[in-house]
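Sequence lines set the chain letters: A, B, ... in the order given, protein chains first and strands last, and positions in each chain run from 1.
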Protein chains: 2
Amino acid sequence: MSQQRTGPTDGPDFPDLPEATVARLPEYLRALHHLAEQGHDTVSSEGLAAAAGVNSAKLRKDLSHLGRTGTRGVGYDVSLLIDQIEQVLGLTHRRAVALVGVGNLGHALAGYAGFGSRGFRIVALFDADPGRVGEHINGLVVRHIEDLPEVVEQESISIAVIATPAHAAQHVTDRLVAAGVTSVLNFAPCVLNVPEGVDVRKVDLAIELQILSFHEHRKSALTALPPVQKPGRVGVANRLGGEAVGS
Amino acid sequence: MSQQRTGPTDGPDFPDLPEATVARLPEYLRALHHLAEQGHDTVSSEGLAAAAGVNSAKLRKDLSHLGRTGTRGVGYDVSLLIDQIEQVLGLTHRRAVALVGVGNLGHALAGYAGFGSRGFRIVALFDADPGRVGEHINGLVVRHIEDLPEVVEQESISIAVIATPAHAAQHVTDRLVAAGVTSVLNFAPCVLNVPEGVDVRKVDLAIELQILSFHEHRKSALTALPPVQKPGRVGVANRLGGEAVGS
DNA sequence: GGTTGTGAATCCATTCACAGCC
DNA sequence: GGCTGTGAATGGATTCACAACC
């Protein structure tokens, strides 16, 4: 009755990864590629954890969700682990991505080489401004937003990036969803309402800075006031990077 | 002996906000500004929660950490709440921000108007490429990275944005930290090692897409396979935005 | 009547610590 | 001896549900 978990050799089935784990797998993947380039072919949980900026217990727990991945006493096989993670993340083929809004930020994103090397291909650019339509960017022609349904269909696009002004973002989203897009990465500073089954992730520059601002505020409040010695709070300093800090 | 919590009238003291709450306050703030523009002067937890894309219980719990903020039976005073949140986030004065790396993305960030309106001022641009030094962007001159210490000092910069290639990011970070910067927003796809007391937040475009890719992968695996009826898993559909989705 | 603020209950994530395996 | 995989323990965050208040 249980719907046949695919055989043990058949690549990982679909484990129900915790969301927090999913969010970290890409970072592990990046670190692994880096290690592979440097010629490592195995790595310990300790080593990979350091390279990915997490602690080793968390890393091992995360990887344990993928099934048997390492070998005790040895560590993880780098290229094998890369395959397994790419498998789970659905990165076995390059996914087609549409980008809407070729203003300041959109231009930069369209030119970003990192997408290509990490599993994605920007295959279409859109803008609502007729003055922009027809412009060539990085080998692609900017098309009018009217053409969305057609292009999404033709190119099998399921993921879109929104880099429009905030006031246009919801409208654009509705059209994207209507055209069949089911995942959206939103750079506009606003919340998007989408129907069930559509995923949205948001990146907001100002919000990131405001979170940092909070910590700045707290830090200055603390140092301004008292030199209170909190004993036993010292240990575990973040290991420092390459060169000396003191110039 | 306890170090005098500032008086009750004296604006909010320094509550130890849960990190998850801190991360949401900026979104509430944005929503509140939007409501204020539209002329609302009070809002219920339900209303604000909808505008910020969270549920109302969470919103109330978050705001409760700031002390008494709303009035029962009525709701929250919009402009009062704005003040309170800006207070806690340390946004009472515009913070000076440095941006390092004026390539593709750096250019776009330097031109991003949203910073100005939301509590920040980009006051300095840096690059390592001498060919770029001297260039004018948005009223600022690009300076060589050698000048960091001097400028950071002069302009009281505590926050920096890194938009360099990955291979340069750690080195740049070390110099920023040495110059006195204590918060970093990192757009380079790599982990940064920093000493205790320095905060780093990271934004990685490809990682965001990879997380979406996972969900795409899962969705297609589910629809490809079985029409398994999971009873009682339906409810709570995401409310749909303005116009109809069906074109 | 309406809405906030909050204990209690639940859920999820992280960390600990060690048994099991190479 | 070294390292992974994992139960058990802890710690946070979310949700529930209602008393307190306007």
Quick one: is D/dT15 close enough that its OP1 or OP2 comes under 4.0 Å of any side-chain N or O from B/N55?
yes
Select base, sugar-phosphate, or nothing to describe what B/E46 touches, counting heavy atoms under 4.0 Å on all strands.
nothing
Rounded to the Å, how far apart are B/D77 CG and C/dT4 C1'?
15 Å
Mark yes or no for a side-chain to base donor-acceptor pair under 3.5 Å between B/R72 and C/dT3, with no hydrogen or angle criteria applied.
no
Measure the distance from CG on B/L66 to P on C/dG5 and round it to the nearest whole Å.
10 Å
Do the side-chain N or O atoms of A/K58 get closer than 4.0 angstrom to the phosphate oxygens (OP1, OP2) of C/dT15?
yes
Expressed in angstrom and rounded to an integer, what is the separation of B/D62 atom CG from C/dT4 atom P?
14 Å
Does B/T21 have a side-chain nitrogen or oxygen under 4.0 Å from the phosphate oxygens OP1 or OP2 of D/dA13?
no
Round to a whole Å and report the spacing from NZ of A/K61 to P of D/dT10.
15 Å
Taken to the nearest whole Å, CZ/A/R68 to C1'/C/dC21 is 11 Å
Rounded to whole Å, please give me the gap between CD in A/E19 and P in C/dT14.
11 Å
If you find the nucleotide of DNA chain C closest to A/G73 and the one closest to B/T69, which residue's nucleotide is nearer the 5' end?
B/T69
Closer than 4.0 Å, any side-chain N/O of A/Y76 to the OP1 or OP2 of C/dC22?
no
With side chains defined as the heavy atoms from C-beta onward, is the minimum distance between A/I82 and A/L29 less than 4.5 Å?
yes
If you measure from the Lys or Arg side-chain nitrogens to the Asp or Glu carboxylate oxygens, is any gap between B/K202 and A/E208 under 4.0 Å?
no
Distance in angstrom units between B/L59 CG and D/dT15 C1', rounded:
14 Å
Taking only Lys NZ, Arg NE, NH1 and NH2, and the carboxylate oxygens of Asp or Glu, determine whether B/R218 and A/D199 approach each other closer than 4.0 Å.
no
Determine whether a donor-acceptor pair (N or O, by modelled atom type, separation under 3.5 Å) exists between the side chain of A/T92 and the backbone of A/Q87.
no
What integer distance in Å separates A/R24:CZ from C/dT15:C1'?
12 Å
Check this for me, if you would: do A/K219 and A/E216 make a salt bridge, where the nitrogen-to-carboxylate-oxygen distance has to be below 4.0 angstrom?
yes
With respect to the phosphate group of C/dT4, does any side-chain polar atom (N or O) of B/S45 fall under 4.0 Å of OP1 or OP2?
yes
When you measure only distances, ignoring hydrogens and angles, does the side chain of B/R60 come within 3.5 Å of the base of C/dG5 through a donor and an acceptor?
yes
